[in-house]
Amino acid sequence: MSEPAATPLRCVVCGSGDAVTVWSVARSPMHAVRPSGVADHASGFGQLDIATCTKCGHLSNRAFDADAADELYGALVLTNEPVSAGMIAAVDETAALIMRHLKQRPAVLEVGGGGGALSLALARRSARVDLVEPSRALGAERFAGTGVTLHRAMFPAPTIAGRRFDAVVCRQVIEHVPEPAPFLAALRASLADDGIAYLELPSADDILRRHSIVDFHYPHVHYYRRAEMEWLLARAGFAIEEVFDIKQGHDMGFLLRAVKPLAREARASSDISPSEFAAALAERRVRAAQRLAAINGPIALYGANAYAQALLGLYQDSTRFDAMFDDTASYAGRCVYGPAGKIAIEPPGRERLAGMAALVIAAYLHDAEIARKIAAMGFRGPVYTLRAPDPEAPGAIASLFAP
């Protein structure tokens with residue numbers, strides 16, 4: 001078997017070829033939820049080799065298999081579908097933010113929309129919405145009569161070639177793209193001269209501040225700080241109208257307009273010490289291992305998502321996880337997996353919760369809401385969150401990574 005093709009060593013931000021590894025995981029699950037038809041326990045794993053560019057500080061996974069990206073994203077089970085009041089409200093708020101900047105009844109393009117929740121919200125106030133999404137788990141029947149047209153393809157999709165839109169929306173996608181420059185250029189080419197674009201992605205500034213090890217997971221190739229993304233956007237021909245902090249700084253959103261591409265130099269970072277950052281991440285890893293080892297009895301996870309995926313890649317060889325709870329109805333009959341095997345996904349219930357010694361909330365962006373829910377179901381055991389401790393804003397739920 002040939003070795004997977006690693007992401008190019010050239011930095012996509014500054015062009016440098018020099019980088020230093022700060023985090024690595026030998027066998028990380030490639031999917032948060034195991035796709036249908038993948039029964040081979042040995043398959044479905046990738047390597048994390050997170051390196052920081054020695055010139056500009058950009059973080060990326062040098063071991064990402066770029067040649068397999070099309071199949072990876074085509075096979076993805078639809079995740080992060082809004083299942084709680086808070087998640088649904090967040091989708092509606094994003095749709096309202098975008099629509100405030102558009103003319104009446106605009107033509108909208110969403111790139112990488114997952115299950116299509118945002119596209120459906122936008123379609124209620126748009127002339128039409130075109131959704132480009134590669135996952136084979138998404139079918140056109142979901143959008144019958146809604147004004148949303150599904151293009152099951154990688155972007156740019158041939159079926160929309162040459163068309164320009166009043167709004168181009170791309171959320172939680174750019175971090176998955178091995179080569180961002182041509183991708184951003186294609187977004188720019190799809191935008192009308194007087195249109196607006198909305199780009200949303202995780203913030204590497206947040207990872208660097210909190211030393212969050214579960215935010216490194218296989219589907220993400222790049223981890224962008226705000227300054228790096230601003231530079232790439234200027235190079236692609238976007239002017240930034242407004243920047244939004246989302247989910248307490250975990251994500252960042254950019255409201256953009258089309259301008260002439262501007263050449264800007266990527267300045268070297270002065271605030272990242274690769275050795276210090278690597279040591280801080282290693283300390284987080286040890287703390288969580290110690291806390292898990294101290295739990296006497298069955299451990300449940302809550303949230304079949306990318307953070308649980310990262311946790312299983314790190315600890316399943318040494319820690320037994322007995323249950324995976326999730327509220328997503330479409331996960332029925334599916335499982336999460338790690339180096340030591342699979343765990344069936346199930347909805348939470350009083351009887352099953354009562355049999356658990358401790359519970360770890362993997363869906364940490366919604367940990368307070370989940371903690372209230374399981375408390376109402378009678379769970380009285382210790383509850384931990386995968387949210388990395390923030391010295392500036394201590395959380396109410398104990399972090400698995402806290403001292």
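Count residues from 1 along the sequence.
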[atom1] of [X] to [atom2] of [Y]: how many Å apart, nearest 0.5 Å?
X      : Y      : atom1 : atom2 : value
Ile50  : Leu281 : CD1   : CG    : 9.5 Å
Gln309 : Asn305 : CD    : CG    : 8.5 Å
Ile397 : Leu386 : CD1   : CG    : 11.0 Å
Leu232 : Ile174 : CG    : CD1   : 7.5 Å
Leu301 : Leu359 : CG    : CG    : 7.5 Å
Tyr73  : Arg136 : OH    : CZ    : 14.0 Å

Flag the pair [X] / [Y] as yes when at least one side-chain heavy-atom distance between them is below 4.5 Å, and no otherwise.
X      : Y      : value
Ile370 : Tyr364 : no
Leu199 : Met229 : yes
Gln47  : Val25  : no
Leu150 : Asp130 : no
Leu131 : Leu138 : yes
Cys53  : Cys14  : yes
Leu201 : Tyr224 : yes

Closer than 4.0 angstrom, basic N to acidic O: yes or no for [X] and [Y]?
X      : Y      : answer
Glu369 : Lys373 : no
Glu200 : Lys247 : no
Arg225 : Glu230 : no
Arg152 : Glu133 : no
Asp18  : Lys55  : no
Asp367 : Arg387 : yes
Asp194 : Arg164 : no

Would you name the heavy atoms of [X] and [Y] that are closest together and state the gap between them?
X      : Y      : value
Ala304 : Ala32  : O-CB, 4.4 Å
Pro339 : Gln316 : N-OE1, 3.1 Å
Pro29  : Gly313 : CD-CA, 3.7 Å
Asp326 : Pro348 : O-CD, 3.9 Å
Ala121 : Val91  : CB-CG1, 4.3 Å
Glu228 : His58  : OE1-ND1, 2.9 Å

By side chain to side chain donor-acceptor pair (under 3.5 Å) - contacts of Arg291 (at least two apart): none

May I have the list of side-chain donor-acceptor pairs in residues 110-118 shorter than 3.5 Å, sequence neighbours left out?
{"from": "Glu110", "atom 1": "OE1", "to": "Ser119", "atom 2": "N", "distance (Å)": "3.2"}
{"from": "Glu110", "atom 1": "OE1", "to": "Ser119", "atom 2": "OG", "distance (Å)": "2.5"}

Show the numbers, then the answer: is there a side-chain contact (heavy atoms from CB on, under 4.5 Å) between Leu365 and His250? CA-CA 9 Å; Leu365 295 173; His250 181 275; 3.8 Å; yes

Pair Phe254 and Phe244, ring centroids less than 6.0 Å apart: no

Centres of the Tyr384 and Phe401 rings: under 6.0 Å? no

Side chains of [X] and [Y] only: does a donor on one sit below 3.5 Å from an acceptor on the other?
X      : Y      : value
Asp327 : Tyr302 : yes
Ser203 : Asp251 : no
Thr328 : Ser330 : no
Tyr307 : His217 : no

Please test Asp193 against Arg257 for salt bridge (Lys or Arg N to Asp or Glu O under 4.0 Å), starting from the C-alpha separation and ending with a verdict. CA-CA 8 Å; Asp193 289 340; Arg257 294 200 180 274; over 6 Å; no

For Trp23, is the NZ or CZ atom of Arg284 found under 6.0 angstrom from the centre of its six-membered ring and inside 45 degrees of the ring axis? no

Residues at least two apart in sequence or cross-chain that pass salt bridge (charged side-chain N to carboxylate O under 4.0 Å, His left out) with Arg210, listed by chain then number, are Asp206, Asp215

Check salt bridge (charged side-chain N to carboxylate O under 4.0 Å, His left out) between Arg350 and all other residues, then give those that pass, not counting sequence neighbours. none

Determine whether Phe216 and Tyr223 satisfy the following criterion, ring pair (Phe, Tyr, Trp, His ring centres under 6.0 Å), listing intermediate values before the conclusion. CA-CA 9 Å; Phe216 292 122; Tyr223 303 84; 4.9 Å; yes

Give every residue pair that meets the ring pair (Phe, Tyr, Trp, His ring centres under 6.0 Å) criterion with at least one member in residues 121-154, sequence neighbours excluded. none

Can you name the residues that form a side-chain contact (heavy atoms from CB on, under 4.5 Å) with Arg380, not counting sequence neighbours? Ala375

Can you confirm whether more than 12 heavy atoms, excluding those of Arg320, are under 6.0 Å from its CZ atom? no

Should the pair His31 and Tyr337 be assigned to parallel (<30°), tilted (30 to 60°) or perpendicular (>60°) ring geometry? tilted

